[in-house]
Amino acid sequence: MIFQMALLTFQNVSKIYPPYFKALININLKIYKGDFVILTGPTGSGKTTLLKLIYREEKPTTGEVFYENVPYSKLKKKELSLFRQNLGIIFQDYKLFPELTVYENIKISLVLSQKFVENDRFLIYEYLERFRLSEKAQKKVKELSGGEQQKVGIIRGIIRDPEILIADEPTGNLDPVSINEILEILKDFHEKGKTIILATHDPIILNQNLGRTIRLNRGELVEDV
Amino acid sequence: MAINMLIFPTKNPLNVFNLLSEIKKIPHVKNIDIIYPEKLLEKAKKDLPSEILKNFSEKELKAEFPYIFKIYPLSIKDYPALKDKLILLTKVNSNIQIYEPSFFKLIYYAYFFKIGFIIFVAIWSFFYIFFLYFLNNILNLYLKNQTQIFLLLGGTLGKFKLLRFFFLVSILVFAFVHSTSLFFFISDSISSIFPFFKFYPDISKEKDMLCFGIYIFFTIFLIPWLIILISYRNYEI
């Protein structure tokens, strides 16, 4: 048996939001390189909090999260920034710059990833074409519909070709055709050996049996299959 | 602290210089600064009505202004003895006047103003720091979402902080230049009315300029930069 080091490790992690809301309770979890993890559970079960702990928008109240055995709490600002450059994050609330254009929002993600792309303009338009958004490239994000903004958020997450893709309810505002398109993209991504952590309770995705399913309920990890 | 002596020139200006050498001989004298009528006239010119300037020649006007001797005693202990000697001089020369506030009053006011100055500096510093912190926090709050997205995408705040610093410094430099010009303009106007008025900083004094430079460095560069660093602490994720 070959020993494989966990990419991400949760060790006795709890998260309590003041004054006493327990979002996560004593989570122990290991995520390996190349895993396709589906995080599921009812609304308020702690899926988003768990993802926020991964990209360090939140810190655990107790316990520790490790990236390749390095505790997050030991990461310096510069190291944390480098770690985030290797992440592709698709946020539930999109987190786009509303006053910037679609093109600019995606370009910023590419620039911040510090990855050299020979023809970034061509690459951005290729993705926009794939999501049928090329005509809206120069429109401000705030002028787009919810579904379109979600697509921009998805492009921004995947275009930087990250090592770990974290997606929080990426299909919430999309029609079934678009959901299937995104699933195809995620599968392609996974086939390239990338790690995907996807939080969802969308039945279309859950029925696909894409990989490891982790179920949360009221902040507790109840199933990991 | 100096005793100011006003000497109204007679027809023979040599008398003034004879008097100067007389005073220099007094053992309690450390140093004498002379303010010439020309300098006083120059300062007063802008406040004089144009009719006076037209009707009187410069020479005539100059004759109306005194020579001022600022006489510094060797020490505070020498002050009363020096004053007595100078009073004697005024008794034998009708064109001499001593202009000096009461000695003890001066000490009292100097003490009072020292405390007042310290309180003023403390209040001013408190408001200045509070204002800068408040301004930074307002900006941080306004840009909170954008800052956090930027950080989550792998950015760092180094350039943001620098940008904020240049933004603040440009405002502060503008405000500083504006208020300094106003201060010097007011000081200059006051000094033309009261020739003894001494304002800070004296550009001719190296120590004054050094202290002033340190003050500028702290208020315009160091304090704003530290406040930017502190104010960003709550917004970094």
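Because the structure is a prediction, the values reported are computed rather than measured.
- Contacts with chain A (heavy atom to heavy atom, under 4.5 Å) involve no residue of residues 123-135 of chain B.
- Proximity to chain B (any heavy atom under 4.5 Å) is restricted, for A:Ile108, to the side chain, taken from C-beta onward.
- One side chain, A:Ser73 or A:Glu64, offers a donor N or O that lies under 3.5 Å from an acceptor on the other.
- Residues satisfying the ring pair (Phe, Tyr, Trp, His ring centres under 6.0 Å) test with A:Phe131, not counting sequence neighbours, are none.
- Residue A:Leu87 does not touch chain B at all, counting heavy-atom pairs closer than 4.5 Å.
- For chain A, no part of B:Leu157 is nearby; none of its heavy atoms comes within less than 4.5 Å.
- Below 30°, between 30° and 60°, or above 60°: for A:Tyr67 and A:Phe83 the angle between ring planes is between 30° and 60°, a tilted geometry.
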Verify ring pair (Phe, Tyr, Trp, His ring centres under 6.0 Å) between A:Phe91 and A:Tyr55, making sure each step is shown before the conclusion.
CA-CA 11 Å; A:Phe91 299 96; A:Tyr55 54 76; 5.5 Å; yes

Is there a side-chain contact (heavy atoms from CB on, under 4.5 Å) between B:Leu141 and B:Asn137 once you walk through the steps?
CA-CA 6 Å; B:Leu141 206 62; B:Asn137 258 349; over 6 Å; no

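- Looking only at distances, a side-chain donor or acceptor of A:Thr101 sits under 3.5 Å from a matching main-chain atom of A:Glu104.
- Qualifying ring pair (Phe, Tyr, Trp, His ring centres under 6.0 Å) partners for B:Tyr215, counting only residues two or more places apart in sequence or in other chains: none.
- In terms of non-hydrogen atom pairs under 4.5 Å with chain B, the most contact-rich of A:Gln85, A:Lys95, A:Lys78 is A:Lys95.
- A search for ring pair (Phe, Tyr, Trp, His ring centres under 6.0 Å) contacts involving A:His190 returns A:Phe36, not counting sequence neighbours.
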